[in-house]
There are 2 protein chains.
Amino acid sequence: MKGKSDENLQCDCTIIHADIVDRVREKMPQEEMLYDLAELFKVFGDSTRIKIIWVLFEEEMCVCDIAYLLNMTPSAISHQLRVLKQARLVKPRREGKNIFYSLDDEHIAEILNQGMSHISE
Amino acid sequence: MKGKSDENLQCDCTIIHADIVDRVREKMPQEEMLYDLAELFKVFGDSTRIKIIWVLFEEEMCVCDIAYLLNMTPSAISHQLRVLKQARLVKPRREGKNIFYSLDDEHIAEILNQGMSHISE
DNA sequence: ATAACATCTGAACAACTATTCAAGTGTTCA
DNA sequence: TGAACACTTGAATAGTTGTTCAGATGTTAT
């Protein structure tokens, strides 16, 4: 059932069928979609941001509190909160001088849980 | 119910209770766990690797086929497959000159699906 | 208005990352 | 054996990223 199927192949090793090539190209999401997906996971790809998310699972919190809990500077936390906010993972709420951040997506827990399942196998 | 609760706080804005601090510290996974989690998501945080995973959803494939489908050099693909392999997301199978890669984890689809759900909101 | 505080911002720096290129290993087949 | 092929590897490069620092913005209370 296997054999060369496309004259435009770049190497001789290619033994996949033309229909598989078609099927992959058909099912594969748009380039932009895949890029956005990678951008989203990039946000999860930093332990500081993971920690911030974890803290916010417990309760909404202001920048200084998060900084205190994670033993980091408010500036560093603020920079990371901006990244999380741009990814629409957290949202701010001003209350006087403080700005309270909370999680803004119901998929976050599931994504993290699946990740946890993978690494603890 | 809110008020200053910890003398070791780094800033005056901290209004969270000591019990919340304790609860967060208690529920938060180990430092190493959070680091590993970030490392895992870092792997998903590159569109080339996302594409490779997507191609492998369809069928196991050799390096050259993946390179052809993604219009990249086999070398670049090989480098990324190494990252995916180290994260235990894909596994190799040699068949003569070719090395076929396939997905090695049942959580991958769920993680990607949750990610897709988030960005297409 | 001024002071004090919480947060944000931009520049700078070191650390990391993806791709390319050239050279290497391992396999098949004549 | 040796040529051809599939794949890997290491060094080099440009590009990206997280934290720090200094200074700016916005809010509150006096």
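Hydrogens, waters and symmetry mates are skipped; everything else that's a heavy atom, side chains included, is used. Within every chain, numbering begins at 1; the chains are lettered A, B, ... in the order of the sequence lines, protein sequences first and strands thereafter.
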### Query
Which residues satisfy the ring-ring contact (aromatic ring centres under 6.0 Å, His included) test with Y101(B), sequence neighbours excluded?
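Counting only residues at least two positions away or on another chain, Y101(B) forms no ring-ring contact (aromatic ring centres under 6.0 Å, His included).
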### Task
Taking the side chain as every heavy atom from C-beta outward, state whether M61(A) and I20(B) have any atom pair closer than 4.5 Å.
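SC-SC contact between M61(A) and I20(B) confirmed.
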### Query
Side chains of M116(B) and M33(A): closer than 4.5 Å at any heavy-atom pair?
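The answer is yes, as the side chains (C-beta and beyond) meet within the 4.5 Å cut-off.
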#### Entry: side chain to side chain contact (heavy atoms under 4.5 Å, CB included) involving S117(A) - partner list, sequence neighbours excluded
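Side chain to side chain contact (heavy atoms under 4.5 Å, CB included) check on S117(A) returns H107(B).
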### Task
Identify, with sequence neighbours excluded, every residue that meets side chain to side chain contact (heavy atoms under 4.5 Å, CB included) alongside R94(B).
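R94(B): side chain to side chain contact (heavy atoms under 4.5 Å, CB included) contacts with I99(B).
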How many Å lie between [atom1] on [X] and [atom2] on [N], as a whole number?
| X | N | atom1 | atom2 | value |
| --- | --- | --- | --- | --- |
| F44(A) | dT17(D) | CZ | P | 16 Å |
| L70(A) | dT19(D) | CG | P | 10 Å |
| R82(B) | dA11(D) | CZ | P | 12 Å |
| D65(A) | dC5(C) | CG | P | 16 Å |
| N98(B) | dA4(D) | CG | C1' | 13 Å |
| E39(A) | dT16(D) | CD | P | 10 Å |
| K91(B) | dC7(D) | NZ | C1' | 19 Å |
| I66(B) | dC7(D) | CD1 | P | 9 Å |

### Summary
Heavy-atom contacts, protein to nucleotides 19-28 of chain C, under 4.0 Å, summarised as B (base), S (sugar-phosphate only) or - (none) per nt, yield BBBB----BS
### Query
Hey, is the side chain of Y101(B) poking within less than 4.0 Å of OP1 or OP2 on dA6(D), counting only N and O atoms?
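Answer is no, no contact under 4.0 Å.
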### Query
Can you tell me if the side-chain N/O atoms of R49(B) get under 4.0 Å from OP1 or OP2 in dA18(C)?
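For R49(B), the contact criterion (side-chain N or O under 4.0 Å from OP1 or OP2 of dA18(C)) is met.
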### Query
Closer to the 5' end of DNA chain D via nearest nucleotide, is it K42(A) or K85(B)?
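This one resolves to K85(B).
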### Query
Can you list every pair that meets salt bridge (Lys or Arg N to Asp or Glu O under 4.0 Å) and has a residue in residues 33-46 of chain A, with sequence neighbours left out?
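Listed by first then second residue: E39(A)-K42(A).
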### Message
Among residues at least two apart in sequence or on other chains, which ones pass salt bridge (Lys or Arg N to Asp or Glu O under 4.0 Å) with K97(B)?
### Response
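Not a single residue meets the salt bridge (Lys or Arg N to Asp or Glu O under 4.0 Å) criterion with K97(B).
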